[in-house]
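Shown next, in structure tokens, is the structure this report addresses.
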Amino acid sequence: MAVITRAERTLPIDADTRPVDRNVALSRALHRAVEPCILQDWERAREVMVKNIAMQRVRARSAYVIGWTDTWESALNAGPEAVVALSRTPGERGDDLRQMTPLAGVLPFEIQQRIARELPRVS
């Protein structure tokens with residue numbers, strides 16, 4: 001099993017210094033938090049992702065969505081480290097990919113709620 005150090009958890013997503021709204025900041029925080037779930041219980045994470053990707057394909061209405069879904073599926077097929085690496089993609093492309101994440105449902109709901117509560121509000 002791969003071990004991700006604290007320094008790795010903060011880059012490259014956090015190296016992106018563009019101003020972002022709370023939704024983008026929350027998405028980044030949730031994706032950082034889900035990494036241990038992916039690495040420690042890959043079979044469960046993979047099962048959730050396969051189901052979510054299938055649902056996203058049914059709902060896809062644009063070439064962009066299809067492209068993002070294809071990108072996530074390629075990472076899924078490559079394994080947990082590839083999924084984590086993709087979730088860390090910096091910049092606008094990374095933010096777009098995280099908005100189309102198939103990782104919904106991998107992170108326990110209680111942790112999602114705690115992260116959302118603790119994330120500072122933007123004024």
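No hydrogens, no waters, no symmetry mates; every other heavy atom, side chains included, goes into these values.
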Counting N and O atoms only, with roles assigned by atom type, does the side chain of Q56 sit under 3.5 Å from a partner on the main chain of T101, one being a donor and the other an acceptor?
yes

Between R98 and H31 (side chain of the first, backbone of the second, donor and acceptor by atom type, cut-off under 3.5 Å), is there such a pair?
no

Under the 3.5 angstrom rule, does the side chain of E73 hit a backbone N or O of I53 as a donor-acceptor pair?
no

Any R114 side-chain heavy atom under 4.5 Å of I111 side chain
yes

Please report the shortest heavy-atom distance between A78 and A82, naming the atom on each side.
CB-CB, 3.6 Å

Got R57 and D70 here, is their nearest side-chain heavy-atom distance under 4.5 Å?
yes

Minimum heavy-atom distance C37-A45, with the two atoms named
O-CB, 4.5 Å

Between L26 and A116 the two heavy atoms that sit nearest each other are CD1-CA, 3.9 Å

Does the side chain of W68 reach to within under 4.5 Å of the side chain of S62, using non-hydrogen atoms?
no

Would you mind reporting whether I115 and L107 have side-chain heavy atoms less than 4.5 Å apart?
yes

Can you find a pair of side-chain heavy atoms, one from D96 and one from Y64, that are under 4.5 Å apart?
no

Should V106 and N52 count as side-chain neighbours, where that means a heavy-atom distance under 4.5 Å?
no

Is V65 reachable from M55 through a run of hydrophobic residues whose side-chain heavy atoms are each under 4.5 Å from the next?
no

Between R32 and R88, is a side-chain contact (heavy atoms from CB on, under 4.5 Å) present by the stated rule, with each step listed?
CA-CA 8 Å; R32 279 191 302 273; R88 294 178 180 178; over 6 Å; no

Show your working on salt bridge (charged side-chain N to carboxylate O under 4.0 Å, His left out) between D41 and R46 and close with a plain yes or no.
CA-CA 9 Å; D41 193 356; R46 186 180 186 293; over 6 Å; no

Under 3.5 Å donor-acceptor, S27 side chain and N23 backbone:
no

Say you draw a straight line from CZ of R59 to CE of M100; how long is it, rounded to the nearest 0.5 Å?
8.5 Å

Could you please spell out the steps behind the side-chain contact (heavy atoms from CB on, under 4.5 Å) verdict for S87 and W72?
CA-CA 9 Å; S87 75; W72 278 110; 4.0 Å; yes

Rounded to the nearest 0.5 Å, what's the gap from CZ on R28 to CG on L119? Could you check?
11.5 Å

Indicate yes or no: at least one non-hydrogen side-chain atom of V48 is less than 4.5 angstrom from one of L103.
no

May I have the step-by-step check of side-chain contact (heavy atoms from CB on, under 4.5 Å) for R93 and T71, ending in yes or no?
CA-CA 11 Å; R93 179 175 185 270; T71 301; 3.7 Å; yes

